[in-house]
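These notes concern the structure reproduced below.
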Amino acid sequence: MELDKDIQTKQRGFHCNLCNVNIPNKPSLEDHVKGKKHQHLLRLRAQRKAQEENSVFVSGFKPDTSQTDLKEYFTQFGPVVDVIMDKDKGVYAIVEFSEPKNVQTALEQLQHQLNGLQLRVKPRERKDFKLSSRGKPQNTQISLDKLNHQLCKATSVNEQMEKVVEFFELNDHEKKVRDLLVQLLQEVFTEFFPDCQILPFGSSVNTFGIHSCDLDLFLELENTKAFQARAKTTGLTGENQSEDCQSEDSILSDIDLSTATPVEILELVAAILRKCVPGVHKVQTLSTARLPVVKFSHRELNLQGDITINNRLAVRNTRFLQLCSGIDSRLRPLVYAIRLWAKQKQLAGNLSGPGPLLNNYALTLLVIFYLQNRDPLVLPTVNQLKDMACEEEECVIEERDCTFPSQPFSVPPSKNTEDLCTLLFGFFTFYSQFDFPASVVSLRDGRVLPITDFLRSDEEAVNAAEASSPKPKRSSAPKLGPMNVLDPFEQNHNVAGNLNERTQKNFKRECCDAEKYCRSLQYQRKSAKGKSWGLVRLFAPPSEAGPRPKVETEKIMEVGISFKAAILPEPLRAQLALAGKGFRGLWFAKVCSAVQMVFQDILKCSPSEETRTADLSQSLDKANRDGNEMEVNNNQSLEDAAPQAKSEAGKKRPLIMEEGPSTSTATQAKRQKLDVDMEHPEPVHWTWTQRNCVWAGRRKVRRDLLKTSDETSKPEGGCVDIESRVTQSIVENEEKIPGLLFKVDAEVVGGNENTMVVLRFHPSHDTAGIFQDFFHFLESFLPKMAETILGRAEDVTEMS
Ligand code: UTP
């Protein structure tokens, strides 16, 4: 019976309301209802229902009433199983009896008195059982409604932005509570780790904190290590020790801080938190994180905290964010607005630990970078800041230069006078035209570094990343991904390295949508009719923002193959690195080769005479030749010229690009030649004929073919040989179709948009009306297959 209510029939399959999942078909539905999750939730629901039926809701008692007082009082109506008090103690309680008839007896009594006060006793409200939602908690929605109401009353976007800050920023009381917890922890930890320091960093102190933000703490143990080393050399033991040394005896004698691993130390930290800090609970060590961390909560203060060790750079980059806020007062309102926008659009704020969304730190760096590129600039580059610092402010942490002035007054005020409304608009324009996969954002230089600088061998890439640091730290190159934002101090750390392609594309698409909206009067002017305007509509979550205009997929048949530096093999990376500005043309030629291979060799399409494969081979040959010659003649880096960053209202300003390492005149001449050839390569055209439904039933053929081999682990599109065999089997065993003739145009785009190859399809002879099905198959198969081929450089060279 219950099952029927939980399962809803949909147009395509079913939906289980209990587990909130879609199920494609009947067999899966049968598996689902027998599955662990569904069964667990059924049990939980039954348990909750029984609890509801067996309990009463009680209020009106004195704040100091205990669970025992209530239990004793209600026992007169029947055995009491449990008494649950609310968190803020004293407002209400749930009293659970062992049977529903006890509830009846309690409710039948008209008056209840305890300690001189009249109690209110009510039946429990019957609530629908719901999976605890991962989405927005209800009170977040309430507070957003409140904010929107206030924003609608403002008179300008500038005022709205100031209101957002007022609404979310930490108030003095909250800051004090955080300070108190830091003090408490400092006292407790000093007992165990003499001379240690607890230093807050992140949103609690970086000037961008909001009410619910967690408390990030760094436990600095350098002095404790020195203390321990001293204690060892002086040979102090047991009874002769000072008070500090007694604590050293209790904890420090168990662990050698100079050799212990971070996880070992954090286990100790977790034990201290559990046993010795009043109010702390839910202590958990996450040892697999990039930086191992101990998480905890404080019950009374209603705070969540993180403790890390080895995180001195975070304390310093927090100082940097504080400084930037102090240099220009427009930064805070911008960051608050953009953080809220990104949260609402589900672009930032991974709920628990690392995920594929932007973290708030990365998002803040994107805002600062944008302000470094405004014309006139709003914030100076990190290198410029370094030059403004005095000798005493010099700071090197873990061999990384973290020098900047300690006070904002050391930095001359910006000549930029744009208001907040314009700057916010500009942010969206800036990133809606950004070529993320082909750029590396450097706040240190205040400009985009070409991705080609990071495609060379690891060591050269490290040099490129840290060229501007006087004492570069020899370490690995940054992890390249769909978005690359270098930490201003830890230059080999891509703070957006966790993003996947989808999140990056969503970010860009949302920037485009926001940019379009900011052009409208609804953004710029208060509605006279009391409608939502300005930031209110900008912050609307996707569901309320209205449906996205549907692209007519029937008419536009396009497939994109994105530039993904991370999947390219070393030799190809090296060639692209040498091609400098012409890398896009060279990569285009390689992609075209791969695409041709997919059509011709894997999907067994026959090329028509019109196909200009000759052009393609020529350009690929040329690209390879130039690339190789340069490799022989010059192994120095080739510096790109500045890509253009277009700001709104048509203003153009080049992202500042300095001259790179000097190259010989001959190489420069060659480079110029290559640039001309390869920077704007001609589009490529093919005409193909397909005589088999190579897409229909492909998965089954594949499964049958692989039954007897150990290649089954390869995903669809992951292996050239398997996919060729699958097609071959279809060609040999299935009926032929009337020739399907289609044209494909390929061009490479980039610079002011994400670097990618766009393939446009035009069916020219499709009597059976099946091209649409073929295209749907190609949409996912073609990029995957092309990437597989690109990943094996030898395929591409073979083709040329
Ligand atoms: P968060 O991304 O959590 O930022 O990083 P936040 O400002 O504290 O925002 P919320 O409200 O907690 O989400 C916290 C701090 O961790 C350091 C920075 O000091 C940042 O301020 N951090 C974070 C890094 O140093 N590198 C990173 O890649 C991420």
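Whatever order the structure lists ligands and atoms in, that order sets their numbers, starting from 1. Just so you know, these numbers come straight off a predicted model, no measurement behind them.
Residue contacts with ligand 1 include His493, since one or more of its heavy atoms lies under 4.0 Å from the ligand. Heavy atoms of Asp214 come nearer than 4.0 angstrom to ligand 1 in at least one pair. Residue contacts with ligand 1 leave out Phe208, since none of its heavy atoms falls under 4.0 Å from the ligand.
Atom 18 (C) of ligand 1 has as its closest protein heavy atom Asn317 OD1, 3.2 Å. The closest protein non-hydrogen atom to atom 21 (O) of ligand 1 is Gly202 CA, 3.3 Å. Of all protein heavy atoms, the one lying nearest to atom 17 (C) of ligand 1 is Ala314 CB, 4.0 Å.
The 12-atom threshold is exceeded at CG of Asn171, counting heavy atoms of other residues, nucleotides or ligands nearer than 6.0 Å.
Panel note: side chain Gln372, backbone Val378; no donor-acceptor pair is recorded below 3.5 Å. Judged purely by atom type and a 3.5 angstrom limit, Tyr336 has no side-chain atom pairing as donor or acceptor with the backbone of Ile210.
Glu501 has a carboxylate O that lies under 4.0 Å from a charged side-chain N of Lys505, or vice versa, which qualifies the two as a salt bridge. The pair Glu169-Arg332 counts as a salt bridge, with a side-chain nitrogen and a carboxylate oxygen less than 4.0 angstrom apart. Between Glu222 and Arg312 there is a salt bridge, since at least one side-chain N of the basic residue sits less than 4.0 Å from a carboxylate O of the acidic one.
Ser204 and Arg178 form a side-chain donor-acceptor contact under 3.5 Å, judged by distance and modelled atom types alone. In this model, no donor atom of one side chain and acceptor atom of the other lie less than 3.5 Å apart for Asn416 and Ser414.
When heavy-atom distances to ligand 1 are checked against a 4.0 Å cut-off, Asp216 comes that close only through its side chain, counted from C-beta outward. Contact annotation for Asn360 and ligand 1: heavy atoms of both the backbone and the side chain come within less than 4.0 Å of the ligand. Contacts with ligand 1 closer than 4.0 Å are made by side-chain heavy atoms of Arg339 only, the backbone lying farther away. When non-hydrogen atoms are compared, ligand 1 lies under 4.0 Å from the side chain of Asn206 (C-beta onward) but not from its backbone.
Below 30°, between 30° and 60°, or above 60°: for Tyr431 and Phe436 the angle between ring planes is below 30°, a parallel geometry.
Within ligand 1, counting atoms from 1 as listed, the ones closer than 4.0 Å to a heavy atom of Val495 are 28 (O). Residue Cys213 approaches ligand 1 through these ligand atoms, each under 4.0 Å from one of its heavy atoms: 11 (O).
For the pair Arg374 and Phe430, the NZ or CZ position fails the cation-pi test of under 6.0 Å to the six-membered ring centre and within 45 degrees of the ring normal.
Here's the thing with Asp487: none of its N/O atoms is less than 3.5 angstrom from an N/O atom of ligand 1.
Residue Phe201 holds the heavy atom nearest to atom 15 (C) of ligand 1 of all those in Phe201, Tyr361, Phe489. Evaluated by nearest non-hydrogen atom to atom 8 (O) of ligand 1, the leading choice among Gly209, Ser203, Ser204 is Ser203.
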